[in-house]
Structure formats: C-alpha cells, structure tokens
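Take a look at the structure below.
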Amino acid sequence: MSFANELRNQHAEDWDAAVNHSFVDQLLDGSLPDENLRHYLVQDYQFCDAFTALLGQAVASAPSLPSRLVFAGVLGAFASDENTYFQDCFAELDVPEADRAAPALHRVTRDFDALMRSALGTRSYPEVLAVLLVAEWLYGDWAARAGDPAQWPSSAKHAEWIRLHNNPEYNA
C-alpha cells in the first residue's frame, strides 16, 4: 500500500465525511439549492489565488519535465475551464463583485488558504505535492461518485462542476 493510501485509510472517517457530505449528495442528484451552491463557490473561489500559485510552485519545483508537464496541464485547465466555470456561475447566480473578490471568509476557507500559502512558502516539492494531492484527491473522490455522465444532473452548473473533477485528464 502506498504511503498516501495508508494515510488516507488512517483518516477514513474524515475522508468519507467529506466525500459523502450532504452538499455532495445534493450536487450529484441536482437538488442543491442555488443559494448553497452560490455560497460554496464564493468561498471556494477565495483560495484559487493560493491554489494557482501552489500549482506554479509545483511546476517550478518538480524533479523532472514529465512531472512539470502534469502540473502545467492542471494549471492550464484551472486557468481556462475552471475559472470560466466560476465566472459563469457567478454571473448566473448574481454574485456581486464584492462577494467575488472579498467576501467574509469562513474559518475553514481561511485555514485552507493559509495551508496552501504555507506550503507555497516552503518551496518544497514534497510539501506542495502533499497539499495538492489531498485537495485534488478529495475532489476526485466525490466527483467519482457521480458515475456515468448520463446519470449526472441536468442543471449545467451542477453537471459542469462534476465534469471539471471527473474526466479522463483530471483523473490521470
């Protein structure tokens, strides 16, 4: 068993709570109220700056070109498809500019942003990788619950958030 899998298994209760949260259930079945999605996306977007910088550090500190290219691909996907998703949803959900740029942050959002910035500050590939692995693996695990795209919700804002975290490139 890999070290990452061993750690995941040691914290299975917390991991499963995140992957099987009621928010995820509602997102996957299309019943998530717009207000809940709006609130989530506003908070999620606040650590995108740190996430982008962390991906850049992963590109800079990765030990080889193949590793650098993986992170460069993730960075490109975020800068295009995922950022566009946020902007489109913000427009559709009437999120004011102030809430996009500087909303009141929940403690969890502040803590996650601080964790990413702390890892970024180390310039250490293993520390950067550890934060990225957990974050992206969690997103991938909940999105994998969606199964076949034919079963995804009909709402574009729900289905697209799933697709961004459950597609061959992301899964690779």
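Numbering of residues begins at 1 and proceeds along the displayed sequence. The shown structure was predicted, so the numbers you read here are calculated from the model rather than taken from an experiment.
When all heavy atoms of N166 and A143 are compared, the closest pair comes out as ND2-O, 3.0 Å. Smallest separation of non-hydrogen atoms from R68 and V59: NH1-O, 2.6 Å. Across all non-hydrogen atoms, the minimal contact from W152 to D148 is CD1-O, 3.3 Å. Y125 approaches P63 most closely through the heavy-atom pair CE2-CD, 3.5 Å. Residues R38 and D94 come closest through the heavy atom pair NH2-O, 3.7 Å. Of all heavy-atom pairs between L164 and Y170, the closest is O-CD1, 3.5 Å.
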* To do: Kindly indicate, with the supporting measurements, whether the criterion side-chain contact (heavy atoms from CB on, under 4.5 Å) is fulfilled by R8 and D141.
  => CA-CA 12 Å; R8 185 200 170 284; D141 269 10; 3.7 Å; yes
* Verify side-chain contact (heavy atoms from CB on, under 4.5 Å) between K157 and L32, making sure each step is shown before the conclusion. => CA-CA 10 Å; K157 59 187 170 282; L32 184 67; over 6 Å; no
* **Derivation of the salt bridge (charged side-chain N to carboxylate O under 4.0 Å, His left out) call for D49 and R117** => CA-CA 10 Å; D49 179 65; R117 291 184 189 282; 2.9 Å; yes
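At least one donor-acceptor pair under 3.5 Å links the side chain of N167 to the backbone N or O of R163. In this structure, E136 contributes its side chain and V131 its backbone to no donor-acceptor pair below 3.5 Å. In this structure a side-chain-to-backbone donor-acceptor pair under 3.5 Å is present from T84 to S80.
Side-chain atoms of F51 and D44, non-hydrogen and from C-beta on, never get closer than 4.5 Å to each other. Counting only heavy atoms from C-beta outward, the side chains of I162 and P153 approach each other to under 4.5 Å. Proximity of W137 to N5: side-chain heavy atoms (C-beta onward) are separated by under 4.5 Å at one or more points.
Distance check, rounded to the nearest 0.5 Å: CG of L115 to CG of L120 gives 11.0 Å. In this structure, CD on Q26 lies 7.0 Å from CG on D29, to the nearest 0.5 angstrom. If you take CD on Q46 and NE2 on H106, they are separated by 11.0 Å, rounding to the nearest 0.5 Å. Separating the CD atom in E160 from the SG atom in C89 is a distance of 8.5 Å, to the nearest 0.5 Å. In this structure, the separation between CG on L69 and CG on L75 is 12.0 Å, given to the nearest 0.5 Å. Rounding to the nearest 0.5 Å places CH2 of W15 at 10.0 Å from CG of N9.
Taking hydrophobic clusters as Ile, Leu, Val, Met, Phe, Trp and Tyr residues chained together by side-chain heavy-atom distances below 4.5 Å, L138 shares a cluster with L133. Under the 4.5 Å side-chain heavy-atom criterion for grouping Ile, Leu, Val, Met, Phe, Trp and Tyr, L41 is not connected to L105 through any hydrophobic cluster.
Under a cut-off of 6.0 angstrom, the local environment of CD in E13 is sparse, with at most 12 non-hydrogen atoms contributed by other residues, nucleotides or ligands.
Qualifying side chain to side chain donor-acceptor pair (under 3.5 Å) partners for S61, counting only residues two or more places apart in sequence or in other chains: none. Partners of R100 under the side chain to side chain donor-acceptor pair (under 3.5 Å) rule, at least two apart in sequence or in another chain, do not exist in this structure. Residues forming a side chain to side chain donor-acceptor pair (under 3.5 Å) with H158 (at least two apart in sequence, or on another chain): none.
Using cut-offs of 30° and 60° on the angle between ring planes, the pair Y40 and F23 is tilted.
Each of F78, F90, W161, Y45 was checked for a ring-ring contact (aromatic ring centres under 6.0 Å, His included) with Y85, and the lone residue meeting it is W161.
Between D25 and R145 there is a salt bridge, with a side-chain nitrogen of the basic residue lying less than 4.0 Å from a carboxylate oxygen of the acidic one.
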